[in-house]
Novice: 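Mind looking over this structure? Questions follow.
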Amino acid sequence: MELLYLLVVVSLGVGVMAGKYSRESNEPIKFVESDERTVEFRISKLNQVWNKAIRMQLSPVKQAELHSDLKIQEKAELQWKKMKVEGMDENGEKEAQIRRNFNVILAKYGMDGKRDTRPLESNSLKDHDIKDGDIFEDPKLDKLWNKAKSSGKFSEEELLSLKREFQHHKDKIHEYNILVDTVSRTEEIHKNVISPLEGDGKEEQVQQKHTELKQKMRDLNQGFERLRKLSHEGFTEDSEFREPRVIELWEAAKRANLSNDELDSLKEELHHFETKVEKHSHYQEQLELSHQKLQHVEALGDKQHIKMNQDKYNTLAEKTREMGYKMKKHMQDLHNKISSQGLAHNEL
């Protein structure tokens, strides 16, 4: 009997040791949800958003962008949970910001349950007719773009650069309107839950949000003024940067209270960042082309070619997501470095 007991113990011990050092136990854990989708994120609601995006069949580039935004959101939420455990964020400001950023993501990718009726902000009449040359859905932008395009001042390469700046400005207007809508809805919620004792504190938070929105509107006005000047005068030979996001950061840096040494250091960092942005844009283009090729091969039905192109597409999608996250995180850090308000400009 003792011998039998010893054999059982030894067998169990060998089983445990084998399990401990087996290949399976040393591989990274893949979390799997009940519907057997591989879980991308450590926070359940972010996985729900990601899986919804897949079901919605967002374009490959949009999916990659969303993945990067969700990774940044995940990092912020995990940091906030740590702060909460340590007794920080007593007034709930950081929590409110994180919730607002999450709502902005939902709205940005059309997953907030609302049909997007937010108009592009403009001082012009809203009821203008869309013409063939109107590509920016805003009369001021379209008028300026058509005038620049027909001016003869720009080479084909310069026109492409100018078009990128116009598109970036359109995107910034759209994001601003999403943020206004999100802040307004948050205010409505606060109005319904505020108690008389905490009213003053909430009022200060609301005022702070409106201050941030006003600053963003000033940035938009300055951005449009740059487009107007570019359209009339053309690009100068001493233009520091080509990418709109980098140009925006550089213009903000020149307006900030930075010393000449700080500006020189930042300029060098922005050149490195611009290379990163251009590389990411190249990967986005390649991802879109890879997706088109995969669709073509799938239509032909050749399983071997489908598998080969699917593997290439998956690898490219993963690389694009990774680069997008690093680029957005770097841009976030640069915003914080430039802004005297630190995290005040840390919005998507």
Novice: Please check if any side-chain donor atom of Q97 sits under 3.5 Å from a side-chain acceptor atom of R100, or the reverse.
Specialist: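 No, R100 and Q97 have no side-chain donor paired with an acceptor closer than 3.5 Å.
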Novice: Please list, chain by chain and in numerical order, all residues satisfying side-chain hydrogen bond (donor to acceptor under 3.5 Å, both in side chains) with E269, sequence neighbours excluded.
Specialist: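 Result, side-chain hydrogen bond (donor to acceptor under 3.5 Å, both in side chains) vs E269: H330, K337.
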Novice: Looking at K45 and E77, does any basic side-chain N land under 4.0 Å from a carboxylate oxygen?
Specialist: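 So K45 pairs with E77 through a salt bridge.
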Novice: Check K170 with D138, please: is the shortest side-chain N to carboxylate O separation under 4.0 Å?
Specialist: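 K170 and D138: not salt-bridged.
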Novice: Any non-hydrogen side-chain atom of N103 less than 4.5 Å from a side-chain atom of D112?
Specialist: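 Of all side-chain heavy-atom pairs linking D112 with N103, none is under 4.5 Å.
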Novice: Quick test of your reading of the model: are R242 and E274 salt-bridged, counting only N-O distances below 4.0 Å?
Specialist: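 Yes.
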Novice: Under 4.5 Å between any side-chain heavy atoms of D69 and K108, yes or no?
Specialist: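 The answer is yes, as the side chains (C-beta and beyond) meet within the 4.5 Å cut-off.
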Novice: Please tell me whether N314 and Q310 have a donor and an acceptor in their side chains that are separated by less than 3.5 angstrom.
Specialist: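 Side-chain D/A pair, N314 to Q310: present.
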Novice: Look at D219 together with K172 and state whether they make a salt bridge at an N to O cut-off of under 4.0 Å.
Specialist: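 The answer is no: the pair does not qualify as a salt bridge.
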Novice: Where do A253 and L258 come nearest, in terms of heavy atoms and distance?
Specialist: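 Smallest heavy-atom distance, with atoms named: O-CD1, 3.8 Å.
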Novice: Would you say that I43 contacts L78 through its side chain, given a criterion of any heavy-atom pair below 4.5 Å between the two side chains?
Specialist: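 In contact.
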Novice: Does any part of the side chain of K329, heavy atoms only, come nearer than 4.5 Å to the side chain of K75, both counted from C-beta?
Specialist: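 SC-SC contact between K75 and K329 confirmed.
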Novice: Residues in side-chain hydrogen bond (donor to acceptor under 3.5 Å, both in side chains) with E86, at least two apart?
Specialist: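 Partners of E86 by the side-chain hydrogen bond (donor to acceptor under 3.5 Å, both in side chains) criterion come out as none, since no residue qualifies.
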Novice: Mind checking the CZ-OG spacing from R226 to S231? Nearest 0.5 Å is all I need.
Specialist: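 Reported to 0.5 Å precision, the distance equals 10.0 Å.
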Novice: So which pairs with a foot in residues 250-270 pass ring pair (Phe, Tyr, Trp, His ring centres under 6.0 Å), sequence neighbours left out?
Specialist: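 Matches after skipping sequence neighbours: F241-W250.
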Novice: Quick one, Q304 and K307 - any side-chain contact, counting heavy atoms below 4.5 Å?
Specialist: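 Counting from C-beta outward, Q304 and K307 never come under 4.5 Å.
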Novice: Does the side chain of K254 come within less than 4.5 Å of E251's, by heavy atoms?
Specialist: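 Yes, close enough: below the 4.5 Å cut-off.
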Novice: Of all the heavy-atom pairs spanning A107 and I178, show the shortest one and how long it is.
Specialist: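 In terms of heavy atoms, the two residues are closest at CB-CG2, 3.5 Å.
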Novice: Working to the nearest 0.5 angstrom, can you tell me the gap between E240 CD and I247 CD1?
Specialist: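 E240 atom CD to I247 atom CD1 measures 10.5 Å (nearest 0.5 Å).
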Novice: Do the charged groups of R245 and D171 touch, with an N to O distance under 4.0 Å?
Specialist: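 D171 and R245: not salt-bridged.
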Novice: Compile the donor-acceptor pairs under 3.5 Å between side chains in residues 154-164 and protein atoms, sequence neighbours left out, one pair per line.
Specialist:
{"from": "S155", "atom 1": "OG", "to": "E158", "atom 2": "N", "distance (Å)": "3.2"}
{"from": "E158", "atom 1": "OE1", "to": "S155", "atom 2": "N", "distance (Å)": "3.0"}
{"from": "S161", "atom 1": "OG", "to": "E157", "atom 2": "O", "distance (Å)": "3.4"}

Novice: Within the structure provided, determine whether L46 and F102 are in side-chain contact (heavy-atom separation under 4.5 Å).
Specialist: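 A side-chain contact exists here, since the closest heavy-atom pair is under 4.5 Å.
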Novice: Identify the two heavy atoms, one from I54 and one from Q63, that lie closest to each other, and give their separation to 0.1 Å.
Specialist: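 In this case the closest contact between I54 and Q63 is CA-NE2, 4.2 Å.
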Novice: Donor-acceptor pairs under 3.5 Å, side chain of residues 279-300 to any protein atom, not counting sequence neighbours: which ones?
Specialist:
{"from": "S281", "atom 1": "OG", "to": "V277", "atom 2": "O", "distance (Å)": "3.1"}
{"from": "Q284", "atom 1": "NE2", "to": "E65", "atom 2": "OE2", "distance (Å)": "3.1"}

Novice: Determine whether M56 and I105 fall in the same hydrophobic cluster, where Ile, Leu, Val, Met, Phe, Trp and Tyr are linked whenever their side-chain heavy atoms lie under 4.5 Å apart.
Specialist: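 Result: yes, single cluster for both.
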Novice: List the atom of E74, the atom of R42, and the distance in Å for their closest heavy-atom pair.
Specialist: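 In this case the closest contact between E74 and R42 is OE2-N, 2.6 Å.
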Novice: What distance do D142 atom CG and E137 atom CD have between them, rounded to the nearest 0.5 Å?
Specialist: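 One finds 8.5 Å between CG of D142 and CD of E137.
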Novice: Specify the closest pair of heavy atoms between L270 and L334, including all atoms of both residues, with the distance to one decimal.
Specialist: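 Heavy atoms only, the tightest pair is CD2-CD1, 3.9 Å.
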Novice: Might you point out which heavy atoms bring E262 and N257 nearest each other, and give the distance in Å?
Specialist: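 Looks like OE1-O, 4.4 Å.
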Novice: Can you confirm whether or not the ring centre of H67 sits under 6.0 Å from the ring centre of F41?
Specialist: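 Between F41 and H67, which both carry aromatic rings, the centre distance is below 6.0 Å.
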Novice: Do E225 and N221 pass the side-chain hydrogen bond (donor to acceptor under 3.5 Å, both in side chains) test, and can you show the C-alpha distance, the side-chain angles, and the key distance before you say yes or no?
Specialist: CA-CA 6 Å; E225 182 58 28; N221 289 335; over 6 Å; no
Novice: Could you tell me whether the side chain of W145 reaches within less than 4.5 Å of the side chain of L227, counting heavy atoms only?
Specialist: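 In short, these two side chains do not touch, never coming nearer than 4.5 Å.
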Novice: Sequence neighbours excluded, which residues qualify as salt bridge (charged side-chain N to carboxylate O under 4.0 Å, His left out) partners of K62?
Specialist: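 By the salt bridge (charged side-chain N to carboxylate O under 4.0 Å, His left out) rule, K62 matches no residue at all.
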Novice: How many angstroms lie between CG in L249 and CZ in F273, if you round to the nearest 0.5 Å?
Specialist: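 The distance works out to 6.0 Å.
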